[in-house]
Trainee: 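Structure provided below as structure tokens; questions to follow.
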Amino acid sequence: MDTTLDKAYTPKDTENEIYSFWEKNGYFSPNDKKEAHPFSVILPPPNANADLHVGHAMYVIEDIMIRYHRMLGDNTLWLPGADHAGFETQFVYEKHLAKIGKSRFDFDRETLYKDIWNFVHENRGTMENQLRKLGFSLDWSRNIFTLDPAIITTVHASFKQLFDEGLIYRDNRLVNYCTKDGTGFSDLEVLYVDRKDPLYYMKYGPFTIATSRPETKFRDTALAVNPKDKRYKEYIGKTLEIMGLLGPISMTVIPDPEVDPSFGTGIMKVTPAHDPHDFELGKKFNLPVTPIIDFKGRMDFSWFLSQKNIEPKYRERAEKYHGKKIAIVRPLMVEDLQSDGLLIKVDEAYAHRIGTCWKCGTVIEPLPLEQWYVKVAPLAKKALEAIDKKKVAFVPKRFEKTAKQWLSNFHDWNISRQNVWGIRIPAWKCVGCLSKQFSNSTIQQSSSWIITDGTPPTECPVCLGKNLVQDTDTFDTWFSSGQWSFATLRASGKDDYKNFYPTSVMETGYDILPWWVCRMLMLGIHMTGKVPFKTVYLHGLVRDSKGQKMSKSKGNVVNPLKMIDQFGADALRFALVFGTAAGNDLSLSEDKIRGMRNFANKLWNIGRLLLLSLENAKNSGRVIPFYSESLHATRLNDTDKRLISEINMLTSSVTKDMEKYRYSDAAKKLYDFSWHRLADQYIEENKVRFSEGDPEALSVFRHVFLTILKLLHPFMPFITEALWQKIPRLTTNPLIISSWPNQKSTV
RNA sequence: GCGCGCAUAGCUCAGUGGUAGAGCGCUUCGUUGACAUCGAAGAGGUCUAAGGUUCAAGUCCUUAUGCGCGCACCA
């Protein structure tokens, strides 16, 4: 064994070597000892085709938990995976297509899917190697992809079961639709932004109405007023002839207690096809759902133009508007409203919030579309009960309330996506039956669907027809992700589900609490009868040195790989934990990482001094005994004994912190003790003894330092392992699988 | 409107009712072998405000102010 060390620690030389040493020897896999307690964590699967960002580095908390429990001797599993990230990945792929002058519509479904598959798999290894660079002790032999057949099987089976139980249904209602990306979204994926837009006041029969969406007025089907509003009471129930841009329309005035009399003029126009509130109102009053905007975000006047005997003026207008985007039509309408004397005024800076596509920023259009919905309330109820019965604990505790709030307020969940890249929904329709039912041209009525476990059905159970068409939609990625905790363990082989479900801890960013954690709770409990995890630990967002959110456009993004390259993975890891409270956002600066690199170097040089001293002692024929209780009792002086007592106190205090998820505290104590107590005090005061080869001093120094290496290992796995392997000690185990210290332990 | 969080050193933030902390920055001094990615010494705080609980409050409770986040409404 080479016992000399370089003057400064160079992580680059050692990290890769140590990682492959660990991986090759299977240390990341569970020890499978029968008497061992199970401890399991499932890594939130990063997007398979994207590079890691510094937020992913926060999963270091999971590695700390895992390494700690592995050293405790627990049967420890940290399961890695990669996410196909349905819509998100397809979005990236479409950008890539655009660069080469193509679009997804140039390909048939199968080709497109295969092309995205290849695109993803070209990039997939990158993300995984980046996780390795971070030192994450993931069991790669169990690596799972969200599109692995075993996962798809589980997702299909759950869908069928939920459908059979009546917890999934098909409905035609207004969907949050992005006309640019061509897909609908769940409520959670709509990003609301504050904007200032014109509010148009226009003449509406005897009234004045205010609207920010004049383009929808062509398909208004009613007027609504607050029943308590005295100004309009007499109109309720009456049908009025109203002059519009395309001639007169007759409309009934209906009561709606939700109309705010103080907003605008207190009269609301009702457009069931393009406003969720109006849609519900329309259901109540039996109003027709008549769209004017199509799925590309264009005005569709075909319903009007197909009529006979239209006045030329109106035909001309409709033709002018037809097929154009909303933004183009609005000013045209304003002109026409003015020339018809219908425009009263325009409030140019009306402040409101508007739903946009979280990915591309396009304004979300509520459009009527048939989709699959999960009936959330019964599932949420079970999750709420589990929380109340303390079957799930939250760290920090305050997120329990947040989770409960979400679970109490979820609407039914639209899980259909008009994407190709994803798990296709195992639902088929019979063309024969369909043609018989198909009467209403604007709204497609629900008909009976054939749901299977994924196997294509051979014939229609109703008419025995063989012409069956599969739903072209795929699942919302979160529908499958919501089953990740049990789907993975069922897929990863052997007895993993039996041994490791429910998992010990679910650790992720608080920003996906509603998207992921709540859904895993709901689906996990419903599908398995058990909570999917016993503890939820949530970490905050990584921000820049000034506390600003990182973004590419601001140019303040910290690249974790660059930082690892520059300062080492241990330094980055320690910087992310040091001085960071669970659930709070944290500021990360290069300065902080550099500071932690300096700490790593400090450790390195403590090790270097120890090794040099041991080597000198050996060369002069001294035998350095290993620390033991009898050595302690018979030979140590007070100075040495005091240090031993302090390292024992540190050990129990750090252990307590580890148990209570107080990683920042543990890290600080270790930093402080190593640097300021051991190096600055003990070593400085006893330097002469070391150089003289004092056996007791060196024995104590070695014992204390090895103990520190153990305690620090979960945080800084590379340098601690590297030093550990250089230092003569009793056990032969590498540090990663050596035992967590207690007050009696020898090293 | 509802909910959550934050307010502590110049900056960024920890802080588990018991003598105010860290990282970075700053000042002064110090390089013959552990480390200048260092060492020694130091400056810098009415812990946002007001009230309350307590032997004891940065910490618990109430209220206020400012900032941030989420949700709902938004014709």
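Quick caveat: nothing in here was measured; it's all calculated off a predicted structure. Below, chains carry the letters A, B, ... as their sequence lines are ordered, and counting in each starts from 1.
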Trainee: Mind checking the P distance from B:U27 to B:C67? Whole angstroms is fine.
Mentor: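 Nearest-Å result for B:U27 against B:C67 at atom P: 35 Å.
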
Trainee: State the pairing partner of B:A9; accept Watson-Crick or G-U wobble contacts with both distances under 3.5 Å, and report none otherwise.
Mentor: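 Result: none.
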
Trainee: Using a 6.0 Å distance limit plus a 45 degree cone around the ring axis, check whether A:Arg173 lies over the aromatic ring of A:Tyr373.
Mentor: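 The answer is yes; both the distance and angle limits are met.
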
Trainee: Residues of residues 564-574 of chain A with any non-hydrogen atom less than 4.0 angstrom from an atom of RNA chain B: list those, numerically ordered, please.
Mentor: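 RNA chain B contact set from residues 564-574 of chain A: none.
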
Trainee: Using the C1' atom as the reference point in each nucleotide, state the distance between B:A57 and B:G18 in Å, no decimals.
Mentor: 10 Å

Trainee: For A:Ala679, which contact category applies under a 4.0 Å heavy-atom criterion: base, sugar-phosphate, or nothing?
Mentor: base

Trainee: Which part of the nucleic acid, if any, lies within reach of A:Arg662 when heavy atoms closer than 4.0 Å are counted: base, sugar-phosphate only, or nothing?
Mentor: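 Base contact.
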
Trainee: When the ring planes of A:Tyr663 and A:Tyr537 are compared, do they come out parallel, tilted or perpendicular, using 30° and 60° as the limits?
Mentor: tilted

Trainee: Within the 4.0 Å heavy-atom criterion, would you say A:Lys660 contacts the bases, only the backbone, or no part of the nucleic acid?
Mentor: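 Answer is nothing: A:Lys660 stays at 4.0 Å or more from every strand.
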
Trainee: For A:Arg689, is there an ion pair with A:Asp640 - N to carboxylate O distance below 4.0 angstrom?
Mentor: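 A:Arg689 and A:Asp640: salt-bridged.
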
Trainee: Could you tell me whether A:Ser589 contacts a base, only the sugar-phosphate backbone, or nothing, with contacts defined as non-hydrogen atoms closer than 4.0 Å?
Mentor: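 A:Ser589: no heavy atom of the nucleic acid under 4.0 Å.
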
Trainee: Could you walk me through whether A:Trp675 and A:Asn598 satisfy the side-chain contact (heavy atoms from CB on, under 4.5 Å) test, starting with their C-alpha distance in whole Å, then the side-chain angles of each, then the deciding distance to 0.1 Å, before giving a yes or no?
Mentor: CA-CA 10 Å; A:Trp675 200 321; A:Asn598 294 352; 4.3 Å; yes

Trainee: Does NE2 in A:His352 sit with more than 12 non-hydrogen atoms of other residues, nucleotides or ligands closer than 6.0 Å?
Mentor: yes

Trainee: Determine whether more than 12 heavy atoms belonging to other residues, nucleotides or ligands lie under 6.0 Å from atom NZ of A:Lys669.
Mentor: yes

Trainee: 5' to 3' on RNA chain B, which nucleotides open and close the contacts with chain A (atom under 4.0 Å from a heavy atom)?
Mentor: B:G3 to B:A75

Trainee: Name the nucleic acid region contacted by A:Gly547, choosing base, sugar-phosphate or nothing; use a 4.0 angstrom heavy-atom cut-off, strictly under.
Mentor: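 A:Gly547: backbone/sugar contact only, no base atoms under 4.0 Å.
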
Trainee: Using purine N1 to pyrimidine N3 plus N6-O4 or O6-N4 for Watson-Crick, or N1-O2 and O6-N3 for G-U wobble, both under 3.5 Å, which nucleotide pairs with B:C71?
Mentor: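 Looking at the geometry, B:C71 pairs with B:G1.
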
Trainee: So what does A:Lys549 hit on the nucleic acid, given a heavy-atom distance under 4.0 Å: a base, only sugar-phosphate, or nothing?
Mentor: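 If one applies the 4.0 Å heavy-atom cut-off, A:Lys549 turns out to touch nothing in the nucleic acid.
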
Trainee: Less than 6.0 angstrom separating the ring centers of A:Phe599 and A:Phe578, yes or no?
Mentor: no

Trainee: Just checking A:Tyr204: base, sugar-phosphate only, or nothing, at a heavy-atom cut-off of under 4.0 Å?
Mentor: nothing

Trainee: Working note: A:Asp220 + A:Tyr204, criterion side-chain contact (heavy atoms from CB on, under 4.5 Å); need CA distance, chi angles, decisive distance, verdict.
Mentor: CA-CA 11 Å; A:Asp220 293 348; A:Tyr204 229 62; 2.3 Å; yes

Trainee: Any residue in residues 392-405 of chain A with a heavy atom nearer than 4.0 angstrom to RNA chain B? Just list them by number, or reply none.
Mentor: A:Arg398, A:Lys401, A:Gln405

Trainee: Heavy-atom count around A:Lys230 NZ within 6.0 Å, excluding the residue itself: above 12?
Mentor: no

Trainee: In whole Å, measure the gap between the C1' atoms of B:U16 and B:U28 for me.
Mentor: 38 Å

Trainee: Salt bridge check: are A:Asp591 and A:Arg594 linked by an N-O gap of less than 4.0 Å?
Mentor: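 Judged by the 4.0 Å cut-off on N to carboxylate O distance, A:Asp591 and A:Arg594 do form a salt bridge.
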
Trainee: How far does the C1' atom of B:C69 sit from the matching atom of B:G51, given to the nearest Å?
Mentor: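 Their C1' atoms lie roughly 29 Å apart.
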
Trainee: In the structure shown, which nucleotide is the Watson-Crick or G-U wobble counterpart of B:A40, with both distances under 3.5 Å?
Mentor: B:U28

Trainee: Base, sugar-phosphate alone, or nothing: which one does A:Leu588 contact when heavy atoms must sit under 4.0 Å apart?
Mentor: nothing

Trainee: What's A:Trp604 touching, base or sugar-phosphate or nothing? Going by heavy atoms closer than 4.0 Å.
Mentor: nothing

Trainee: Would you call A:Asp388 and A:Lys404 a salt bridge, using N to O less than 4.0 angstrom?
Mentor: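 Salt bridge flag = yes for A:Lys404 with A:Asp388.
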
Trainee: When all nucleic acid strands are considered with a 4.0 Å heavy-atom cut-off, which category describes A:Lys269: base, sugar-phosphate, or nothing?
Mentor: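 Result for A:Lys269 = nothing.
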
Trainee: Considering only the P atoms, how many Å lie between B:U46 and B:A20, rounded to the nearest integer?
Mentor: 14 Å

Trainee: Looking at A:Ile624, A:Ile683, A:Leu614, which hits side chain to side chain contact (heavy atoms under 4.5 Å, CB included) with A:Phe701?
Mentor: A:Ile683

Trainee: Quote, to the nearest angstrom, the C1' distance that separates B:G44 from B:A34.
Mentor: 32 Å

Trainee: Is there a Watson-Crick or G-U wobble partner for B:U19 with both distances under 3.5 Å, and which nucleotide is it?
Mentor: none

Trainee: Rounding to the closest angstrom, what is the interatomic distance between B:A7 and B:A43 at atom C1'?
Mentor: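 Each nucleotide's C1' atom is 25 Å from the other's.
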
Trainee: Assign A:Ser212 to base, sugar-phosphate, or nothing according to its heavy-atom contacts below 4.0 angstrom with the strands shown.
Mentor: sugar-phosphate

Trainee: What integer number of Å spans the P atoms of B:C13 and B:U54?
Mentor: 36 Å

Trainee: When all nucleic acid strands are considered with a 4.0 Å heavy-atom cut-off, which category describes A:Phe599: base, sugar-phosphate, or nothing?
Mentor: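 Contact class for A:Phe599: none.
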
Trainee: Give none if B:U46 has no partner; otherwise give the nucleotide forming a Watson-Crick or G-U wobble pair with it, both distances under 3.5 Å.
Mentor: none

Trainee: Name the nucleic acid region contacted by A:Asp672, choosing base, sugar-phosphate or nothing; use a 4.0 angstrom heavy-atom cut-off, strictly under.
Mentor: nothing

Trainee: Need one value for A:Glu258: base, sugar-phosphate or nothing, where a base atom within 4.0 Å counts as base even if backbone is also close, heavy atoms only.
Mentor: nothing

